[in-house]
Novice: 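I am attaching a structure below and will ask some questions about it afterwards.
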Amino acid sequence: MSEARRPVVLRGGTVLTLDAAHTVLTDADVLVVDDRIAAVGAQLDVPAGTEEIDARGGIVMPGMIDTHRHLWQTAMRGYGADWTLTQYFVWYYLEHGRAFRPEDVYAGNLLGAIEAVDAGVTTTVDWSHGLQTAQHADAAVDALQAVPGRFVLAYGNIQDAPANWTTSAEFREFVGRRMSGDRDLLGFQLAFDVTGDPAFPEKPAFEVARELGVPVTTHAGVWGATNDDGIRLMHDHGFMTPETVYVHAATLSADSYHRIAATGGSVSVSTESEQSAGQGYPPTWALRSHGIPVSLSMDTTVWWSGDLFSAMRSTLGADRSREHLEAHAKGETVTHAALRAEQVVDWATRGGAAALGRGDLGSLEVGKKADVVLLRNERSPVMFPVLHPYGHVAFQAQRGDVEAVIVDGRVVKRDHRLVGIDLAAARRTVESTVEHLRSTLGEDAWTAGMNPEVPETKVLDNPYTYTDYRSAATHEVR
Ligand SMILES: [Zn+2]
């Protein structure tokens with residue numbers, strides 16, 4: 001991205017810098033020159049020809065970072081709203097995940113990537129575990145490169161063992177062809193899970209990651225799927241490193257958390273996912289007590305929403321619910337909330353940058369990469385007064401309030417509208433993928449997949465007999 005572009009200044013906003021001291025500035029400007037933050041402060045002098053964005057009354061913050069998102073699944077948005085992990089595993093591992101052609105991965109990735117940028121998520125880790133062939137991987141990358149956001153391809157393939165696909169000739173060829181260049185706008189990770197098999201069959205895949213110098217991201221502590229055995233095997237073999245990202249980490253023992261903390265890794269918490277799918281209780285309350293760094297993620301829009309406002313909100317709720325519940329079980333009362341709105345905004349920005357080893361992202365400081373979001377919505381009764389800016393971001397704002405987005409110094413959303421993005425083309429592409437999947441599966445299976453059986457709920461016997469208390473009361477008065 002070397003072409004000259006106009007400098008941009010956002011004028012007069014409440015600026016959440018998310019610097020180390022979490023400095024908040026009111027009536028402040030943020031100046032972007034080329035791909036960098038050039039200045040932050042009051043009434044800045046700017047170069048001639050600078051594009052001005054009015055940020056008065058709004059909140060200016062760093063672009064948000066989602067560290068775990070299966071973008072390919074966006075092609076089936078909302079289909080699994082009533083699923084648990086049980087239906088998910090059947091669908092993606094055994095049935096329709098296999099029916100995804102390269103063009104279907106492209107369709108999901110394209111729409112998901114656009115959706116991310118639109119919601120102010122300027123960096124998304126595409127946890128792309130549907131890459132059955134290198135052609136699928138090419139399609140995934142083609143889509144990411146068609147959207148002006150920052151992405152990390154976390155390469156994975158749930159249809160084959162990690163030791164197989166990571167050592168295949170076609171994977172090597174793909175890496176040499178597509179992933180050997182500048183990793184600023186398109187980073188690279190390996191994405192696979194550790195089964196806990198004592199033979200540690202994932203060892204060759206970890207060795208490939210080490211040789212390539214790329215981080216591993218892994219679903220860890222997922223009830224019924226991955227557990228402490230996987231963590232112990234990784235640790236015993238020396239594969240737990242600071243750049244390792246553990247996704248969910250919701251059902252792990254204190255011993256596993258100690259191992260993660262001691263080796264400097266971080267956890268990507270997907271609260272909406274953990275609350276619905278059944279990986280385990282959203283673990284921030286435990287991670288905080290072990291001093292484990294946290295980033296946030298939305299996992300997949302096949303079930304739930306895809307923006308980090310939802311992540312921040314649900315994470316605050318889950319953490320506080322747990323604290324109250326634990327206290328009440330002991331007959332105690334929580335009088336002061338431990339997890340603050342400020343902290344989840346940090347996790348959605350700075351925390352994500354740290355998890356990805358990107359010290360140049362996640363805050364608005366001079367010299368950092370210019371990924372900037374303006375929250376402002378003059379038509380919304382919810383965007384004023386802004387009294388507690390972090391609380392406003394976490395509990396009041398939503399994706400419709402994202403007025404402007406800058407990625408790598410380029411304005412990609414302005415006045416609530418995406419710039420230079422062909423949404424109609426993305427819609428056509430996704431429609432043809434839905435048609436393909438639906439016809440491949442057949443109408444009955446398609447409908448059944450979306451509507452899992454509802455377990456019977458027994459209504460409890462009630463010791464009180466129903467009486468019509470209103471007429472009884474009327475009778476007494478008479
Ligand atoms: Zn996941």
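Counting starts at 1 for both ligands and their atoms, following the listed order.
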Novice: Do you see a donor-acceptor pair shorter than 3.5 Å between the side chains of R98 and Q132?
Specialist: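 No, because no side-chain N or O of R98 sits under 3.5 Å from a partner of the opposite role on Q132.
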Novice: Angle at the Zn ion (ligand 1) between NE2 of H70 and NE2 of H219, to 10°?
Specialist: 110°
Novice: Under a plain distance cut-off of 3.5 Å, with no hydrogens placed, do S273 and Q279 share a side-chain donor-acceptor pair?
Specialist: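 Yes - a donor-acceptor pair under 3.5 Å links their side chains.
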Novice: Would you call the rings of W91 and W83 parallel, tilted or perpendicular, where under 30° means parallel and over 60° means perpendicular?
Specialist: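 Rings of W91 and W83: tilted, 30 to 60°.
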Novice: What N/O/S atom of H68 gets nearest to the Zn ion (ligand 1)?
Specialist: NE2
Novice: More than 12 heavy atoms of other residues, nucleotides or ligands under 6.0 Å from CZ of R183: is that the case?
Specialist: yes
Novice: Do you know which N/O/S atom name in D299 is closest to the Zn ion (ligand 1)?
Specialist: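 Of all N, O or S atoms belonging to D299, OD1 is the one nearest the Zn ion (ligand 1).
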